[in-house]
Amino acid sequence: MVEVSENLAGPFAARILGELGADVIKVERPQGGDPARRWGPPNVGDDGAIFAFANRNKRSIVLDLRDDDDRAALRGLAAQADVFIESLRPGALEALGFGYPELAPSNPGLIYASILAYGEEGPLKDLPGYDLLMQAHGGIMATTGPEGGPPVRAGTSIGDIGSALWMAVAILAALQERSASGKGRRLSVSLFDTALCWSGYHLLGYLADGKVPGPLGTGIGMIAPYAAFASSDGSLMIAAGNDGLFRKLCAVLGLDALADTPQFASNAERVRNRDELATRIEGVTRSLPTATLLERLRAGGVPTAPVLAIDEVARDPQTRASGMLVTPEEGSGYPSIGIPIRIDGVRPPTGSPPPRLGEDSPEFSV
């Protein structure tokens, strides 16, 4: 696989496939390589944490695509590759002669995968884009944060990471099809389309009833109680998403009469009266520590989880048991985060740490 991409979405898509067995050759610019190398602190080794997260299991070569010899080298790599993935500014590679129409004749089975900003059509198709912009433009910010508060960015780059996942799915599907047909494909995923997908049920609800959804803090407009509730020493999420679970919640909290109160008897009624319901529930949860509530709710069959800070997540026993965290000792001197896949019960190894800029260039004589 040849990867000519930068930042997060394209590199993470390539990393997923690298950990599933692909040989990923990352092509970087001579002047500092992928800009994400410098997105820090925090840093992992010499690179920013975002770069380290997205670029394990790769080889790095440096090519100056304004140079005739380096362009010839990239054409040679593309002619032998199963997959060519790119996420540069729209039109940048096409202008240099590396679009799908130029590469496919010498490699008819090539899967050419582009991660775009706004997609292949529309008035903004030629603009560059970043995750932050797509969370704003796609409605995510307007439905995130405290009720009545300002727009809030999701706490991680869901547009980039989501687009990477969609692209990995599309590439795997195209490779499967190619095994039967022998034909390559040109694939595209856009950050904007991914943002629209994340906003999907909000958009669908608006199209159905014309009501504009807004932020509800930790809650969701369609279900109650389904949100964070304060304890005496923190908070925890409670997900009583149906009538049976609501009755169990009421029993655990000593609020049995609520389950038979008309304004709380069905999910629709609980949604309409969510503020009053939350006040009644927090009247109990605020008097107890989180650990006690978690123990009682789980014993009573009520889905619940603590609200943890990142340092608490890192120390959490379930996190440790998951195998998702790779310690520096296990990761060739670098900590890492695995991918959330198991095959026959085994998580794919994270493999090699992120490559140094151009460390594999001599192997390809460039």
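Counting from 1, the numbers follow the sequence of the chain as shown.
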Requested in this report: Please tell me if the side chains of Leu325 and Pro335 come closer than 4.5 Å, counting only heavy atoms from C-beta onward.
Outcome: no
Report task. Please check if the side chain of Trp198 supplies one atom and the backbone of Ile158 the other of a donor-acceptor pair under 3.5 Å. Result -> yes
Requested in this report: Please test Lys26 against Ile61 for side chain to side chain contact (heavy atoms under 4.5 Å, CB included), starting from the C-alpha separation and ending with a verdict.
Outcome: CA-CA 6 Å; Lys26 183 178 180 71; Ile61 66 173; over 6 Å; no
Report summary line: Nearest heavy-atom approach of Ala36 to Phe51 is O-CB, 3.4 Å
Query - Check: Ser266 main-chain N/O paired with Glu269 side-chain donor or acceptor under 3.5 Å - result: no
Query raised in the report: With no hydrogens and no angle check, do the side chains of Thr290 and Asp233 hold a donor and an acceptor under 3.5 Å apart?
Result: yes
**Report entry** Main-chain N/O of Asp64 paired with Asp70 side-chain donor or acceptor, under 3.5 Å
**Finding:** yes
**Report entry** Atom of Arg356, atom of Glu359 and distance for their closest heavy-atom approach
**Finding:** N-OE1, 2.7 Å
Query raised in the report: Is Leu116 linked to Phe84 within one hydrophobic cluster, defined over Ile, Leu, Val, Met, Phe, Trp and Tyr using a side-chain heavy-atom separation of less than 4.5 Å?
Result: no
Query raised in the report: Are the side chain of Gln135 and the backbone N or O of Arg153 linked by a donor-acceptor pair below 3.5 Å?
Result: no
Report task. Report yes or no: do Leu20 and Phe53 belong to one cluster of Ile/Leu/Val/Met/Phe/Trp/Tyr joined by side chain heavy-atom distances under 4.5 Å? Result -> yes
Report task. Inspect the contact between Glu102 and Arg75 and indicate whether a charged nitrogen and a carboxylate oxygen are less than 4.0 angstrom apart. Result -> no
Report task. Following the transitive rule for hydrophobic clusters with a side-chain heavy-atom cut-off under 4.5 Å over Ile, Leu, Val, Met, Phe, Trp and Tyr, establish whether Leu93 and Val27 coincide in one cluster. Result -> yes
Report summary line: When rounded to the nearest 0.5 Å, the distance separating CG of Asp126 from OH of Tyr118 is 12.5 Å
Query raised in the report: With hydrophobic residues grouped by side-chain heavy-atom distances under 4.5 Å, do Leu216 and Leu203 end up in a single group?
Result: no
Requested in this report: Give a yes or no on whether a salt bridge exists between Asp34 and Lys58, defined as a side-chain N under 4.0 angstrom from a carboxylate O.
Outcome: no
Report task. For the pair Asp209 and Lys211, find out whether any cationic side-chain nitrogen is under 4.0 Å from an anionic carboxylate oxygen. Result -> no
Query raised in the report: Hey, does the side chain of Ser199 reach the backbone of His202 with a donor-acceptor pair shorter than 3.5 angstrom?
Result: no
Query raised in the report: Shortest non-hydrogen contact from Ile339 to Pro348?
Result: CD1-CG, 4.3 Å
Query - Any donor-acceptor pair under 3.5 Å from Asp47 side chain to Ala52 backbone - result: no
Report task. Show your reasoning for whether side chain to side chain contact (heavy atoms under 4.5 Å, CB included) applies to Phe98 and Leu74. Result -> CA-CA 9 Å; Phe98 293 101; Leu74 182 56; 3.7 Å; yes
Query raised in the report: Taking atom CD of Gln31 as the centre, does the number of heavy atoms from other residues, nucleotides or ligands within less than 6.0 Å exceed 12?
Result: yes
Query - Flag for Glu3-Ser5: side-chain donor and acceptor within less than 3.5 Å - result: yes
Query raised in the report: When you look at Val4 and Ile85, which way does the side chain to side chain contact (heavy atoms under 4.5 Å, CB included) test go after all the steps?
Result: CA-CA 6 Å; Val4 188; Ile85 183 168; over 6 Å; no
Report task. Decide, yes or no, whether a salt bridge links Arg280 with Asp275 under the criterion of side-chain N to carboxylate O below 4.0 Å. Result -> no
Query raised in the report: Any sub-3.5 Å donor-acceptor pair from Ser235's side-chain atoms to Ser231's backbone N or O?
Result: no
Query raised in the report: Any chance CH2 of Trp166 has more than 12 other-residue heavy atoms, nucleotides or ligands included, within less than 6.0 Å?
Result: no
Requested in this report: Would you please test Phe192 and Leu133 for side chain to side chain contact (heavy atoms under 4.5 Å, CB included) and show each step?
Outcome: CA-CA 9 Å; Phe192 183 62; Leu133 306 181; over 6 Å; no
Report task. Measure the spacing between CZ of Phe229 and CD1 of Ile281 and express it to the nearest 0.5 Å. Result -> 4.0 Å
Report task. Answer with yes or no whether the side chains of Thr194 and Ser163 bring together a donor and an acceptor at under 3.5 Å. Result -> yes
Query raised in the report: Roughly how far, to the nearest 0.5 Å, is CD of Glu276 from OG1 of Thr261?
Result: 8.5 Å
Query - Minimum heavy-atom distance between Ala228 and Met237, given as atom pair plus value - result: N-SD, 3.3 Å
Query raised in the report: Does a side-chain N-to-carboxylate-O contact under 4.0 Å join Lys183 and Glu177?
Result: no
Query raised in the report: Out of curiosity, does Leu293 fall in the hydrophobic cluster containing Leu245 (side-chain heavy atoms, cut-off under 4.5 Å, transitive links)?
Result: no
Requested in this report: Output yes when Asp46 and Arg37 qualify as a salt bridge under the 4.0 Å nitrogen-oxygen rule, no when they do not.
Outcome: no
Query raised in the report: Would you call Arg71-Asp67 a salt bridge at under 4.0 Å N-O?
Result: no
Requested in this report: Could you tell me the separation between the CG atom of Asp82 and the CG atom of Asn107, rounded to the nearest 0.5 Å?
Outcome: 8.0 Å
Report task. Specify the closest pair of heavy atoms between His137 and Leu124, including all atoms of both residues, with the distance to one decimal. Result -> CE1-CD1, 3.4 Å
Report task. Please confirm whether the backbone N or O of Asp160 pairs with a side-chain atom of Ser157, one donor and one acceptor, at under 3.5 Å? Result -> no
Report task. Starting at CG of Leu127, measure out to CZ of Arg89 and round the result to the nearest 0.5 Å. Result -> 7.0 Å
Query raised in the report: Does Ser188 offer a backbone N or O that forms a donor-acceptor pair with the side chain of Ser114 under 3.5 Å?
Result: no
**Report entry** Donor-acceptor pair, side chain of Ser87 and main chain of Ile115, under 3.5 angstrom
**Finding:** no
**Report entry** Closest approach of Asp243 to Asn267 (non-hydrogen atoms, all atoms of both residues)
**Finding:** OD1-N, 3.7 Å
Report task. Answer yes or no: is there an ion pair linking Glu120 with Lys125, defined by an N-O contact shorter than 4.0 Å? Result -> no
Query raised in the report: Would Glu19 and Arg347 pass as an ion pair if we require N to O under 4.0 Å?
Result: no
